[in-house]
Amino acid sequence: MADPVTFLPCCSLTALFFCRIIKTVVKTFKYFFGLRFEVKGLENFKVEGPAIIVSNHQSILDMMGLMEVLPDDCVQVGKKELMYTGSVGLIIYLGGVIFINRKSTTSAKMVMAEVAKTMTTENVKVWVYPEGTRNCTGDLLPFKKGAFHLAVQAQVPVIPVVYSSFTTFYNPKKNLFTSGKIKVEVLPPIETKGLTSDDVSDLTDRCFRTMRETLFRLSGRPSEAKDSS
Ligand SMILES: CCCCCCCCCCCCCCC(=O)SCCNC(=O)CCNC(=O)[C@H](O)C(C)(C)COP(=O)(O)OP(=O)(O)OC[C@H]1O[C@@H](n2cnc3c(N)ncnc32)[C@H](O)[C@@H]1OP(=O)(O)O
Ligand SMILES: CCCCCCCC/C=C\CCCCCCCC(=O)OC[C@@H](O)COP(=O)(O)O
């Protein structure tokens, strides 16, 4: 049986309130961890109406990077297991996170279809990690298609956001965690008006290529992006 839809609209006062608190608190963490963020392209978030924001996902440190740029009217898609992490789960639930069951494509698709309807009526942006899991290899995993189906169903633009690789200062396997700089680039929106489900694969590939190229450039590996495109 499909999971119940667990979507708390961000426009609710509770979600807005919790989003603000979470953002303010998490934005202070960078000082304790010795991390600096260099952000470019924030103006690309200023699209009229809703949008799907897609970004690379390297580690839990991304939560700090998320809060550096997160627009006020934006909710995130997360795996449903996060809901059962005690007080953190409760806080992010109240913050408006949309929980999906990654193990059931049918259930995840149902939630996404509901979100496609709600995001336009509520005028919110939705942040998705299209790799679908954490990946700290310095490259991107192949993208899942959910975010792009969502964008096409709602006929809203996709805004890619890329964080430079953490590999030079963060590697849990080697117990490496030093101070470092994270470059963040918000890329220009990619329009989806007039696209249909037949165009989702091309849209996914286009975003993947653009984000991979940007990831390598921001991380100082420009030639590899050209080699493997
Ligand atoms: C002190 C407290 C401080 C708190 C601070 C923090 C607050 C913020 C919290 C932020 C939370 C962040 C959490 C991050 C995560 O949890 S990342 C992990 C979860 N997220 C995702 O998985 C999103 C990306 N995944 C997807 O979009 C997937 O596509 C998914 C919908 C889950 C389906 O998975 P899967 O089956 O593995 O993927 P495929 O892409 O291969 O799809 C299979 C076929 O189905 C088609 N498809 C997919 N989606 C749809 C759709 N919506 N509608 C129609 N069809 C769909 C897809 O095209 C594939 O078919 P074809 O191969 O194309 O035929
Ligand atoms: C050692 C570094 C510690 C740094 C702490 C940074 C600040 C973190 C801020 C708040 C903590 C609670 C955040 C809960 C959200 C967790 C998001 C996350 O990264 O989930 C993992 C999920 O996407 C994919 O899971 P898998 O990779 O498939 O399993």
Side-chain angles (χ1 to χ4, degrees), residues 3 8 10 15 18-35 52-70 74-117 119 126-137 140-154 158 163 166 169-173 175-180 182 196-205 207-208:
D3 287 7
L8 187 71
C10 174
F18 275 94
C19 279
R20 287 273 164 86
I21 293 184
I22 290 169
K23 201 167 162 177
T24 309
V25 172
V26 175
K27 277 182 87 169
T28 64
F29 291 2
K30 61 178 178 276
Y31 304 112
F32 301 106
F33 290 113
L35 294 176
I52 303 297
I53 301 169
V54 289
S55 81
N56 55 323
H57 191 16
Q58 302 181 62
S59 101
I60 192 166
L61 296 178
D62 285 318
M63 297 306 110
M64 281 188 265
L66 173 70
M67 297 308 159
E68 284 299 308
V69 301
L70 186 69
C74 184
V75 292
Q76 305 83 37
V77 170
K79 59 176 184 177
K80 74 166 190 177
E81 290 83 349
L82 293 173
M83 205 166 45
Y84 308 114
T85 52
S87 44
V88 168
L90 180 65
I91 291 169
I92 65 177
Y93 172 77
L94 293 172
V97 170
I98 301 155
F99 295 103
I100 56 162
N101 182 356
R102 291 183 298 185
K103 293 178 195 125
S104 164
T105 307
T106 313
S107 154
K109 277 159 66 171
M110 276 172 60
V111 174
M112 301 286 234
E114 195 62 31
V115 173
K117 284 186 222 146
M119 67 183 292
V126 178
W127 189 297
V128 185
Y129 292 105
E131 291 169 279
T133 188
R134 286 164 290 177
N135 163 45
C136 205
T137 60
L140 293 179
L141 293 174
F143 282 179
K144 306 276 185 184
K145 292 183 184 161
F148 308 96
H149 276 288
L150 184 51
V152 167
Q153 280 162 15
V158 178
Y163 294 85
F166 299 169
F169 64 87
Y170 177 70
N171 186 335
K173 283 185 192 142
N175 281 331
L176 171 72
F177 190 10
T178 62
S179 55
I182 299 167
T196 68
S197 57
D198 291 342
D199 301 307
V200 165
S201 291
D202 283 350
L203 177 66
T204 309
D205 289 348
C207 281
F208 179 85

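Scope of the values below: all heavy atoms of this structure, side chains included, with no hydrogens, waters or symmetry mates. Order of appearance sets the numbers: ligands from 1, and atoms from 1 within every ligand. We count residues from 1, following the sequence as given.
Looking only at heavy atoms of the protein, atom 36 (O) of ligand 1 is closest to Thr105 OG1, 2.6 Å. When hydrogens are left out, the protein atom nearest atom 6 (C) of ligand 2 is Met64 CE, 3.6 Å; that is the closest non-hydrogen contact. Nearest protein heavy-atom contact of atom 17 (C) of ligand 2 is Met63 CE, 3.7 Å. In this structure, the protein non-hydrogen atom closest to atom 7 (C) of ligand 2 is Phe29 CD2, 3.4 Å. Looking only at protein heavy atoms, the nearest one to atom 23 (O) of ligand 2 is His57 NE2, 2.7 Å. Summary of contacts: the protein heavy atom closest to atom 12 (C) of ligand 2 is Val88 CG1, 3.6 Å. What sits closest to atom 20 (O) of ligand 2 on the protein, heavy atoms only, is Leu82 CD2, 3.9 Å. What sits closest to atom 41 (O) of ligand 1 on the protein, heavy atoms only, is Lys144 CD, 4.3 Å.
Heavy atoms of Arg134 found under 4.0 angstrom from ligand 2 belong to the backbone as well as the side chain. In Leu61, the part holding a heavy atom less than 4.0 Å from any atom of ligand 2 is the side chain. Of all the heavy atoms of Val128, the ones lying under 4.0 Å from any atom of ligand 1 belong exclusively to the side chain. In Arg102, the part holding a heavy atom less than 4.0 Å from any atom of ligand 2 is the side chain. Contact annotation: for Gln153 versus ligand 1, heavy atoms closer than 4.0 Å belong to the side chain alone. Of all the heavy atoms of Val25, none lies under 4.0 Å from any atom of ligand 1, so neither backbone nor side chain is involved. Counting heavy atoms under 4.0 Å from ligand 2, residue Tyr129 does not touch it at all.
With Ser104 contributing its side chain and Asn101 its backbone, the two residues share no donor-acceptor pair below 3.5 Å. Looking at Tyr163, its side chain does come within 3.5 Å of a backbone N or O of Gly65 through a donor-acceptor pair. In this structure, the side chain of Arg102 engages the main chain of Gly132 through a donor-acceptor pair within 3.5 Å. Of the possible donor and acceptor atoms, none in the side chain of Glu131 sits under 3.5 Å from a partner among the backbone N and O of Phe143.
The closest approach between any non-hydrogen atom of Val200 and ligand 1 is not below 4.0 Å. Residue contacts with ligand 1 leave out Glu131, since none of its heavy atoms falls under 4.0 Å from the ligand. Within the 4.0 Å heavy-atom shell around ligand 1 one finds Met67. The closest approach between a heavy atom of Ala147 and any atom of ligand 1 is below 4.0 Å.
Within the set Met63, Lys109, Met110, Met64, the minimum heavy-atom distance to atom 10 (C) of ligand 1 is found for Met63. Among Val111, Ile92, Thr85, the residue whose heavy atom lies closest to atom 7 (C) of ligand 1 is Ile92. The option with the heavy atom closest to atom 21 (C) of ligand 1, from among Val88, Leu70, Ile100, is Ile100.
For ligand 1, the atoms lying closer than 4.0 Å to a non-hydrogen atom of Gly78 are 13 (C), 15 (C), 16 (O), 19 (C). Heavy-atom proximity to Arg102, at under 4.0 Å, picks out these atoms of ligand 1: 18 (C), 19 (C), 22 (O). Short contacts between ligand 1 and Leu82, defined as distances under 4.0 Å to a heavy atom of the residue, involve ligand atoms 13 (C), 16 (O). Interface atoms of ligand 1 facing Ala108, defined by a heavy-atom separation under 4.0 Å, are 31 (C), 32 (C).
For the pair Ile22 and ligand 1, the shortest N or O to N or O distance does not fall below 3.5 Å. Checked against a 3.5 angstrom limit, the closest N/O atoms of His149 and ligand 1 fall inside it. For the pair Thr133 and ligand 2, the shortest N or O to N or O distance falls below 3.5 Å.
The residues Glu68 and Lys23 are annotated as not salt-bridged, no charged nitrogen and carboxylate oxygen being separated by less than 4.0 angstrom.
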**OP:** Evaluate the side chain to side chain donor-acceptor pair (under 3.5 Å) criterion for residues Gln58 and Asp62: first the C-alpha distance (whole Å), next the side-chain angles of each, then the deciding distance (0.1 Å), finally the verdict.
**Re:** CA-CA 7 Å; Gln58 302 181 62; Asp62 285 318; 4.8 Å; no
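In this structure, Phe33 has its ring center closer than 6.0 angstrom to the ring center of Phe177.
For the atom pair CE of Met83 and CD1 of Ile100, the computed distance is 12.0 Å after rounding to the nearest 0.5 Å.
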